[in-house]
Amino acid sequence: MNFEGRRPKVQREPRRQLDRRPAWIAVDDQMTEIECFVVDVSPGGAKIVTDAAIDISDRFLLALVPAHPKRQPCEVVWRDGNTFGVKFLF
């Protein structure tokens, strides 16, 4: 069957926002916050970078807005030095 070069339309994830926005990783029952930067974010997760290589647990809370009390639960899906890929847990 020939569709004259047309490929089926694939539904894609919503467009990502690329920036280097400051955020904070909350650890130790939210007693300690570690500054990080969000370099890529989508509705399902984010890519974050820390200034130094640190040991982050597999699950933590991420504060995307500093003065807002909401913390987004996250799970690390990959690590590369001081760069982490996380998925948001809903």
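On a predicted model such as this, the values are computed, not experimentally measured, just so you know.
Across all their heavy atoms, Val38 and Ala23 have their closest contact at CG2-CB, 3.7 Å. Contact record, Trp24 with Cys36: N-SG, 4.1 Å, taken as the closest heavy-atom pair. When all heavy atoms of Leu62 and Cys74 are compared, the pair lying nearest together is CB-SG, 3.6 Å. In terms of heavy atoms, Gln72 sits closest to Leu89 at NE2-O, 3.2 Å.
Going from atom CD1 of Ile48 over to atom CD1 of Ile56 covers 5.0 Å, rounded to the nearest 0.5 Å. How far CZ of Phe84 is from CG of Asn82: 7.0 Å, rounded to the nearest 0.5 Å. Taken from CZ in Arg21 to CG in Asp40, the straight-line distance is 10.5 Å, to the nearest 0.5 Å.
Using a distance-only test at 3.5 Å, with no hydrogens or angles considered, no donor-acceptor pair links the side chain of Glu35 to the main chain of Ile25.
Residue pairs meeting the salt bridge (charged side-chain N to carboxylate O under 4.0 Å, His left out) criterion with at least one member in residues 81-90, sequence neighbours excluded: Glu75-Lys87.
Each of Asp80, Thr83, Val41 was evaluated against Lys47; a single residue qualifies, Thr83, per the side chain to side chain contact (heavy atoms under 4.5 Å, CB included) test.
Under a cut-off of 6.0 angstrom, the local environment of CZ in Arg79 is crowded, with over 12 non-hydrogen atoms contributed by other residues, nucleotides or ligands.
Using a 4.5 Å cut-off between side-chain heavy atoms of Ile, Leu, Val, Met, Phe, Trp and Tyr, with links allowed through other members, Phe90 and Phe60 fall into the same hydrophobic cluster. Follow the hydrophobic side-chain contacts under 4.5 Å out from Phe37 and you never reach Ile34; the two are in separate clusters.
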